[in-house]
Participant: 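The structure is given below, and queries will be raised subsequently.
Here the structure is a predicted model, which is why all the values come from computation and not from measurement. Lettering follows sequence order; numbering is per chain, from 1.
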Amino acid sequence: MKYWLMKSEPDTFSIDDLQRKGVEPWDGVRNYQARNFMRDGMKVGDRIFFYHSNTDVPGIVGIASVASPSYPDESQFHPKSKYYDEKSTREEPRWMLVDVKFERKLKRTISLDELKKHDELADMPLVRKGNRLSVMPVAKGDWDFILTLENA
DNA sequence: GCCAACGTTGGC
DNA sequence: GCCAACGTTGGC
């Protein structure tokens, strides 16, 4: 079992949207490193911190899980999609995704600001300046530590 | 809305 | 293969 963090802009797709839908294909990722994590790293059942970016209080708002093996992101084949990639083909799809399943909301948002205050988390890519990865691994120790903050 | 960071593209 | 230009992310 591995642990991950996935960013989403709540204006586009929030934790409430995921709760309503239950399961959602995580489409639109167009960064190779993030794709590789989904394609090569994720296994069904892995745990995910759901993170809200580009919002008033960016931070971790919920927990999800990986609900499918990786498969091609359908949106890359649709010319009308804003995620369309003309260089990708069905024979050799460039972009892969996984389905993400709602588990629960956190009792409170654990803000980026708060995460940065803990020296224990200084090695997380998330709190590093300039980091823009939208899918990243989380060390088990960091995962457990962050969950203790929920009740603090 | 600004802008730093950084990934991608394309000319050479 | 280098690197300048450009585009995007995302905190602030």
Side-chain angles (χ1 to χ4, degrees), chain A residues 2-21 24-42 46-66 70-139 141-143 145-150 152:
Chain A
K2 288 185 180 155
Y3 300 88
W4 307 91
L5 182 143
M6 298 173 98
K7 296 179 183 174
S8 183
E9 302 193 12
D11 287 350
T12 306
F13 191 78
S14 71
I15 188 72
D16 292 322
D17 293 327
L18 184 63
Q19 180 169 31
R20 195 159 48 242
K21 293 205 167 187
E24 179 78 358
W26 201 262
D27 65 4
V29 169
R30 293 294 179 268
N31 169 284
Y32 289 107
Q33 225 181 326
R35 176 204 66 184
N36 292 348
F37 285 136
M38 288 197 286
R39 188 189 62 188
D40 308 328
M42 287 188 176
D46 283 0
R47 313 289 284 173
I48 301 163
F49 277 141
F50 195 106
Y51 179 94
H52 280 173
S53 65
N54 242 318
T55 186
D56 283 358
V57 182
I60 297 167
V61 295
I63 293 175
S65 63
V66 177
S70 66
Y71 62 96
D73 180 343
E74 190 63 21
S75 67
Q76 69 194 304
F77 305 124
H78 298 152
K80 290 200 177 133
S81 167
K82 70 171 181 169
Y83 301 123
Y84 178 58
D85 184 341
E86 60 178 7
K87 292 178 185 158
S88 189
T89 63
R90 287 191 184 273
E91 292 69 35
E92 279 188 79
R94 180 179 290 189
W95 304 108
M96 305 289 280
L97 54 67
V98 297
D99 288 344
V100 168
K101 180 175 146 201
F102 178 81
E103 295 292 339
R104 69 179 180 88
K105 288 210 246 183
L106 295 190
K107 291 176 200 157
R108 65 186 189 88
T109 299
I110 301 174
S111 69
L112 177 62
D113 194 46
E114 180 176 352
L115 295 170
K116 282 179 171 170
K117 283 184 180 139
H118 294 282
D119 292 339
E120 293 91 334
L121 303 174
D123 288 335
M124 280 190 88
L126 181 70
V127 303
R128 291 284 176 80
K129 194 177 178 186
N131 174 66
R132 303 182 322 183
L133 258 189
S134 63
V135 178
M136 69 183 78
V138 175
D142 292 344
W143 177 278
F145 180 80
I146 290 167
L147 281 181
T148 67
L149 298 177
E150 184 183 11

Participant: Summarise protein proximity over nucleotides 3-12 of chain C in one line of letters, 5' to 3': B for base, S for sugar-phosphate only, - for none, counting protein heavy atoms closer than 4.0 Å.
Facilitator: ----BBBBBS
Participant: Can you list every pair that meets salt bridge (charged side-chain N to carboxylate O under 4.0 Å, His left out) and has a residue in residues 116-125 of chain A, with sequence neighbours left out?
Facilitator: A:Asp113-A:Lys117, A:Asp123-A:Arg128
Participant: Not counting sequence neighbours, which residues clear salt bridge (charged side-chain N to carboxylate O under 4.0 Å, His left out) with A:Arg108? List them please.
Facilitator: A:Glu114
Participant: Keeping to residues at least two apart or across chains, list the salt bridge (charged side-chain N to carboxylate O under 4.0 Å, His left out) pairs with something in residues 27-41 of chain A.
Facilitator: A:Arg30-A:Asp73
Participant: Apply side-chain contact (heavy atoms from CB on, under 4.5 Å) to A:Arg132 and list each qualifying residue two or more places apart in sequence or on a separate chain.
Facilitator: none
Participant: Under the ring pair (Phe, Tyr, Trp, His ring centres under 6.0 Å) rule, collect the residues that match up with A:Tyr3, sequence neighbours excluded.
Facilitator: A:Trp143
